[in-house]
Amino acid sequence: MKIRTLLFTLALCASLPAAAVFEVVSKAHEVSLVDLRLPGSTSGTLTFKPCSECNFETIRVTASTRYEANNRSLTLEDFRNALGQIRHRREVTVTVLHHLESDTIKAVRVKF
């Protein structure tokens with residue numbers, strides 16, 4: 001019985017260093033639609049305010065940036081058109097996924 005306990009404890013200790021290594025790769029921002037400026041092209045920049053008191057941040061988008069409205073993947077042009085239809089812009093929240101290492105926007109998602 002003591003041998004099993006000892007083996008279990010050793011196995012647990014051996015696995016702790018691997019479990020303790022975490023690296024933040026992406027950061028998600030919840031942005032009010034009124035505080036979001038979409039890019040003009042797929043190689044432009046997205047500008048947003050991470051909070052109402054914060055300054056605007058500008059981050060690059062790429063051709064691989066995903067635009068999603070109501071769980072549907074859209075082109076940038078269709079995404080812009082969909083957001084243009086929204087009447088109560090202050091009530092809509094947009095999720096912006098910022099990839100920290102490449103400093104680019106990976107996805108922009110909205111549900112309305």
Side-chain angles (χ1 to χ4, degrees):
M1 182 70 167
K2 289 184 181 183
I3 293 176
R4 285 186 185 172
T5 305
L6 179 62
L7 289 175
F8 176 75
T9 304
L10 288 173
L12 184 62
C13 289
S15 67
L16 285 177
V21 177
F22 292 102
E23 183 179 345
V24 177
V25 177
S26 295
K27 185 175 183 181
H29 301 275
E30 287 191 356
V31 179
S32 174
L33 184 54
V34 296
D35 294 330
L36 179 75
R37 307 293 179 264
L38 291 173
S41 70
T42 57
S43 61
T45 57
L46 181 87
T47 303
F48 63 93
K49 286 174 72 172
C51 67
S52 59
E53 297 84 27
C54 298
N55 293 325
F56 277 95
E57 291 185 20
T58 300
I59 302 173
R60 270 183 326 114
V61 296
T62 65
S64 64
T65 300
R66 295 182 318 274
Y67 301 94
E68 298 175 11
N70 296 328
N71 295 325
R72 284 186 34 226
S73 184
L74 301 172
T75 64
L76 174 58
E77 182 179 342
D78 290 340
F79 188 74
R80 292 176 67 85
N81 291 336
L83 294 188
Q85 304 295 323
I86 298 173
R87 298 215 187 276
H88 304 288
R89 299 174 72 79
R90 291 197 185 281
E91 300 170 12
V92 175
T93 302
V94 179
T95 303
V96 177
L97 186 61
H98 177 196
H99 188 266
L100 299 174
E101 187 176 330
S102 65
D103 197 26
T104 59
I105 300 297
K106 290 298 179 187
V108 183
R109 298 180 180 120
V110 64
K111 290 186 182 181
F112 53 92

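How far CZ of Arg89 is from CZ of Phe112: 10.5 Å, rounded to the nearest 0.5 Å. Atom CZ of Phe56 and atom CZ of Arg37 lie 4.5 Å apart (nearest 0.5 Å). With rounding to the nearest 0.5 Å, the separation of NZ in Lys106 from OG1 in Thr65 is 7.0 Å. Atom CG of residue Leu46 and atom CD of residue Glu57 lie 10.5 Å apart, to the nearest 0.5 angstrom. With rounding to the nearest 0.5 Å, the separation of CZ in Arg109 from OG1 in Thr93 is 14.5 Å. Separating the CG atom in Leu36 from the OG1 atom in Thr47 is a distance of 8.5 Å, to the nearest 0.5 Å.
Contact annotation: the side chain of Asp103 approaches that of Ile59 to within less than 4.5 Å [non-hydrogen atoms, C-beta and beyond]. Looking at heavy atoms from C-beta onward, Val96 lies out of side-chain contact with Glu30 at the 4.5 angstrom threshold. The shortest side-chain heavy-atom distance between Lys111 and Asn71 falls under the 4.5 Å cut-off. Between Leu83 and Tyr67, every side-chain heavy-atom pair lies at or beyond the 4.5 Å cut-off.
When the side chains of ILVMFWY residues are joined at heavy-atom separations under 4.5 Å, either directly or via intervening members, Val92 and Ile105 end up in a single hydrophobic cluster. A continuous path of ILVMFWY side-chain contacts below 4.5 Å connects Leu76 to Val108, so both sit in one hydrophobic cluster.
Side chain of His88 to main chain of Glu91: no donor-acceptor pair is present (N/O by atom type, distance under 3.5 Å, no hydrogens or angles).
Atom CG of Asn55 has 12 or fewer neighbouring heavy atoms from other residues, nucleotides or ligands inside a 6.0 Å radius.
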Derivation of the side chain to side chain contact (heavy atoms under 4.5 Å, CB included) call for Val31 and Lys49: CA-CA 7 Å; Val31 179; Lys49 286 174 72 172; 5.6 Å; no
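The shortest heavy-atom contact between Leu97 and Ser26 is CD1-CB, 3.8 Å. In this structure, Arg60 and Ser102 approach most closely via the heavy-atom pair NH2-O, 3.4 Å. Here the shortest heavy-atom pairing between Leu74 and Ala82 reads CD1-CB, 4.3 Å.
A donor-acceptor contact closer than 3.5 angstrom links the side chains of Thr75 and Asp78.
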